[in-house]
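Right, one structure below, let's go through it.
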Amino acid sequence: MSIQWFPGHMAKAKREAKEKMKLIDVVIELVDARIPLSSRNPVIDEITQGKPRMIILNKSDLADPNMNKVWRKHFEDKGHVVIEVDAQKGKGIKGIPPAVKEQASAMIEKMIRKGMKPRAVRALILGIPNVGKSTLINRLANKKIAKIGDRPGVTKSQQWIKVGKEMELLDTPGILWPKFDDEAVGFRLALTGAIKEEIFDFQETAVFFLKYVKEAYPEILKDRYNLTEVPDDIVELFDEIGKKRGCLVSGGLVDYDRTAELVFRDFRSGKLGRLTLEQP
Ligand code: GDP
């Protein structure tokens with residue numbers, strides 16, 4: 001479920017995330033593998049305050065496998081530990097606890113040096129709405145943890161979930177807002193379900209999507225909509241898709257609203273195949 005973010009909500013979410021930082025050793029930052037930059041929070045560095053952090057490319061099953069590799073390298077080159085995950089099916093999950101432990105190795109060594117018995121490493125999942133935080137928590141917990149509203153400010157007492165012997169996970173994720181300043185980012189968030197359908201325009205969003213896909217994945221458009229060539233002109237492309245799929249109004253003209261919605265639904269449902277909507 002997506003929410004509307006206002007300055008007050010953002011300030012509160014930030015404050016709550018910062019509070020949680022005091023409790024944990026490692027941050028697990030969740031991003032959508034289809035939009036790894038657009039699904040990041042703009043002030044994540046400030047919020048995580050230098051805590052060891054890893055990046056999970058979630059929904060990697062929906063993203064272009066080649067681009068998953070490109071994005072992984074992009075973040076690794078910046079010094080991050082990166083894991084590709086499909087939280088829905090549980091793929092990639094096993095790699096998380098050892099990576100979390102590795103991230104906390106300095107802390108563990110320090111405890112040993114002081115003669116203390118190392119405790120389980122405490123982690124927090126952090127990310128924007130709909131990126132798969134609850135799904136991942138349930139996977140790691142191996143059971144269904146009740147989902148609290150995707151609203152900052154809905155608090156309950158914190159509980160730790162044991163994940164194996166050496167890791168503990170905070171049972172409520174940190175919910176952060178996405179970027180809003182860039183129109184392209186807004187379209188990507190709309191396409192992937194991070195913002196409510198009521199607040200964006202299907203036609204505009206579909207135009208943005210088709211412009212990108214006709215350059216990056218022309219074969220996908222040809223296959224799905226049975227096109228011999230992908231027209232360069234976006235209106236022509238709408239016309240072709242609308243005609244092929246019977247999105248017409250009386251007189252045989254193409255219904256652009258319905259065509260836009262069809263394209264949008266085809267992407268969301270995965271019928272177009274695995275696509276990544278941005279490049280490093
Ligand atoms: P949250 O708002 O971040 O807690 O997101 P949720 O865990 O509620 O997930 C949002 C939607 O994405 C749900 O419909 C999930 O089933 C779906 N989802 C989560 N992770 C994955 C994934 O890795 N792959 C796919 N295909 N869907 C996922």
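Nothing fancy with the numbering, it's 1 onward along the sequence. Note that ligands are numbered from 1 as they come in the structure, with each ligand's atoms numbered from 1 the same way.
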Residue N58 vicinity, atoms of ligand 1 by number, heavy atom under 4.0 Å: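 By the 4.0 Å cutoff, the relevant atoms are 20 (N), 21 (C), 23 (O).
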Kindly say whether I47 contributes a backbone atom to a donor-acceptor pair with the side chain of K14 at under 3.5 angstrom?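 The answer is no, because no donor-acceptor pair under 3.5 Å joins these two groups.
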May I ask which of I128, D86, I137, L126 has a heavy atom nearer to atom 22 (C) of ligand 1 than the others do?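 Answer by nearest heavy atom: D86.
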Counting heavy atoms only, name the option from K89, R139, K59 that's nearest to atom 12 (O) of ligand 1.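 Heavy atom nearest to atom 12 (O) of ligand 1 belongs to K59.
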Less than 4.0 angstrom from a charged side-chain N to a carboxylate O is my criterion; do D77 and K73 meet it?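 Yes, D77 and K73 are salt-bridged.
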Decide whether an N or O pair under 3.5 Å exists between V131 and ligand 1.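 It does: an N or O of V131 is found under 3.5 Å from an N or O of ligand 1.
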Below a 4.0 angstrom heavy-atom separation, can you tell me which part of L62, side chain or backbone, both or neither, approaches ligand 1?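 Just the side chain.
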Examine the proximity of ligand 1 to D61 and report which part, side chain or backbone, both or neither, has a heavy atom under 4.0 Å away.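 Answer for D61: side chain.
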Does a side chain donor of either R53 or T48 reach within less than 3.5 Å of an acceptor in the other side chain?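 Result is yes, a qualifying pair exists.
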Would you tell me whether K179 and S39 have side-chain atoms, one donor and one acceptor, within less than 3.5 Å of each other?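 No - no donor-acceptor pair under 3.5 Å links their side chains.
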Which pairs with one or both residues in residues 240-269 pass ring pair (Phe, Tyr, Trp, His ring centres under 6.0 Å), sequence neighbours excluded?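 Residue pairs passing ring pair (Phe, Tyr, Trp, His ring centres under 6.0 Å), neighbours aside: F200-F264, F202-F264, F209-F267, F238-Y256.
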